[in-house]
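Atom set for the values below is all heavy atoms of this structure, side chains included, hydrogens, waters and symmetry mates excluded. Computed from a predicted model, the values in this text were never measured in an experiment. Within every chain, numbering begins at 1; the chains are lettered A, B, ... in the order of the sequence lines, protein sequences first and strands thereafter.
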Protein chains: 2
Amino acid sequence: MFSKACQYGIKAVIYIWVQSLSGARVGAKEIAVHVDAPEPFTAKILQDLVRKKIVGSQKGPNGGFYVDKSHEKFTLKDLVSAIDGDGLFSGCSLGLRECSEENPCPLHSEIKKVRNHVLEMLTKKTLRELALEVNNGETVLSRLIG
Amino acid sequence: MFSKACQYGIKAVIYIWVQSLSGARVGAKEIAVHVDAPEPFTAKILQDLVRKKIVGSQKGPNGGFYVDKSHEKFTLKDLVSAIDGDGLFSGCSLGLRECSEENPCPLHSEIKKVRNHVLEMLTKKTLRELALEVNNGETVLSRLIG
DNA sequence: CAATTTAAGGACTTTTTTATCCTTTATTGT
DNA sequence: ACAATAAAGGATAAAAAAGTCCTTAAATTG
Ligand code: FES
Ligand code: FES
């Protein structure tokens with residue numbers, strides 16, 4: 001469903017949110033440890049997310065990645081399409097040239113419903129809200145570190 | 001959602017079903033043309049599906065791939081997990097060691113519903129039933145060939 | 001300003017997925 | 001038995017995804 005890059009990206013951004021709730025910036029290394037992901041790969045993904053304004057970054061001592069008010073509106077949908085593109089939400093699931101209502105593929109009518117469901121799930125909560133749940137202990141980002 | 005191999009596989013098997021409805025065996029080349037997929041790759045996928053008993057095959061003149069009564073029970077779920085494995089239905093969508101109700105990842109509760117939805121969609125119709133819809137002209141396997 | 005810290009950037013390697021090609025084996029019809 | 005046909009199998013190639021490493025640039029602190 002999601003690429004590895006996307007899985008790491010989701011966990012990393014939620015972790016950044018968790019830390020930013022208490023005003024802390026976090027470095028790539030710390031993030032990688034806490035979301036159980038390879039550090040250099042995670043750094044690459046974050047680099048990209050900074051360019052796409054999903055998170056902010058600051059170089060130098062006490063720098064790191066962070067989020068603030070300006071990032072509050074983003075949902076998983078924004079994050080997923082930033083990393084994996086929107087192939088999950090658009091195009092034919094069987095690879096036909098285009099998804100078409102007039103000439104549907106055998107999966108079309110059912111896939112359409114699933115896609116709406118996926119879209120709904122990815123937009124119903126902001127990344128910040130997901131971080132609050134991690135903060136509460138309702139959900140976790142890794143099985144290694146609480 | 002589905003790998004290329006799986007997309008080709010789904011279309012190929014439905015095409016085999018369509019042809020088998022009128023008693024015809026079909027060769028890999030014909031299949032590849034009608035589902036708009038690379039021929040040697042499609043042949044490899046079918047080879048695998050024969051080993052896994054999702055379709056039958058016959059060598060020699062007038063041979064090819066076919067399905068019969070013994071294949072009638074198979075659904076997309078069987079086909080998809082034969083090709084892509086069941087990563088789509090099991091395991092944690094964020095890559096945590098295991099999907100767990102007690103220590104859920106941030107997506108767990110929503111993903112679970114989506115997964116049930118996907119599973120339902122993949123099991124509600126048999127491959128044969130999907131082929132009947134193609135036969136009717138309700139759905140298509142390619143944009144190139146009616 | 002110098003030293004240190006941390007992200008950014010680019011080149012590179014490895015693994016997986018996608019795709020092709022060629023040889024062998026089984027089957028059929030003559 | 002023989003030629004023709006079509007799948008099976010194995011080896012290889014190309015492309016994409018995943019992952020690493022090293023150098024550069026920016027910011028901070030003293
Ligand atoms: S035509 Fe295939 S998903 Fe719409
Ligand atoms: S724990 Fe991640 S999907 Fe269940």
Sugar-phosphate only, base, or nothing, as touched by A:Y8 at under 4.0 Å among non-hydrogen atoms: sugar-phosphate
Side-chain atoms of B:F41 come closest, of C:dT18, C:dA8, D:dA8, to C:dT18
From CD1 of B:I45 across to P of C:dT20 the rounded distance in Å is 11 Å
Here the distance between atom P of C:dA19 and atom CG of B:D48, to the nearest Å, is 16 Å
Determine whether B:W17 and B:H71 make a side-chain contact, defined as any pair of heavy atoms from C-beta on separated by less than 4.5 Å.
yes
Would you kindly confirm whether B:L127 and B:V67 end up in one hydrophobic cluster when ILVMFWY residues are joined by side chain heavy atoms under 4.5 Å apart?
yes
- Message: When you measure from the side chain of A:D84 to the backbone of A:S3, do you find a donor-acceptor pair of N or O atoms at a distance under 3.5 Å?
- Response: yes
- Task: Please check if the side chain of B:E110 supplies one atom and the backbone of B:L107 the other of a donor-acceptor pair under 3.5 Å.
- Result: no
- prompt: Would you say the side chain of B:K44 and the base of D:dG9 hold a donor-acceptor pair, judged only by whether the two atoms sit under 3.5 Å apart?
  reply: yes
>> Would you say A:M1 ends up clustered with B:I10 if hydrophobic residues are merged whenever their side chains have heavy atoms under 4.5 Å apart, either directly or through other cluster members?
In response: yes
>> Whether A:K124 and A:E129 form a salt bridge (side-chain N of Lys/Arg under 4.0 Å from carboxylate O of Asp/Glu) is what I want to check.
In response: no
Of the candidates D:dA18, C:dA19, C:dA8, the side chain of A:K59 sits closest to C:dA8
Q.
Using a 6.0 Å distance limit plus a 45 degree cone around the ring axis, check whether A:K77 lies over the aromatic ring of A:F89.
A. yes
Q: Scan A:Q58 against the nucleic acid and name what it touches under 4.0 Å (heavy atoms): base, sugar-phosphate only, or nothing.
A: sugar-phosphate
Separation of D:dA7 atom P from B:Y66 atom OH, nearest Å, is 12 Å
Of the listed C:dT5, D:dA7, C:dA8, the closest approach to the A:P61 side chain comes from C:dT5
To the nearest angstrom, the CD-C1' distance between B:Q47 and C:dT18 comes to 15 Å
Does OP1 or OP2 of D:dA6 have a side-chain N or O of B:S57 closer than 4.0 Å? no
In whole angstroms, the gap separating C1' of C:dA8 from CG of A:L46 amounts to 12 Å
Residues of residues 14-38 of chain B with a heavy atom under 4.0 Å from any atom of DNA chain D, listed by number, are B:V26, B:G27, B:A28
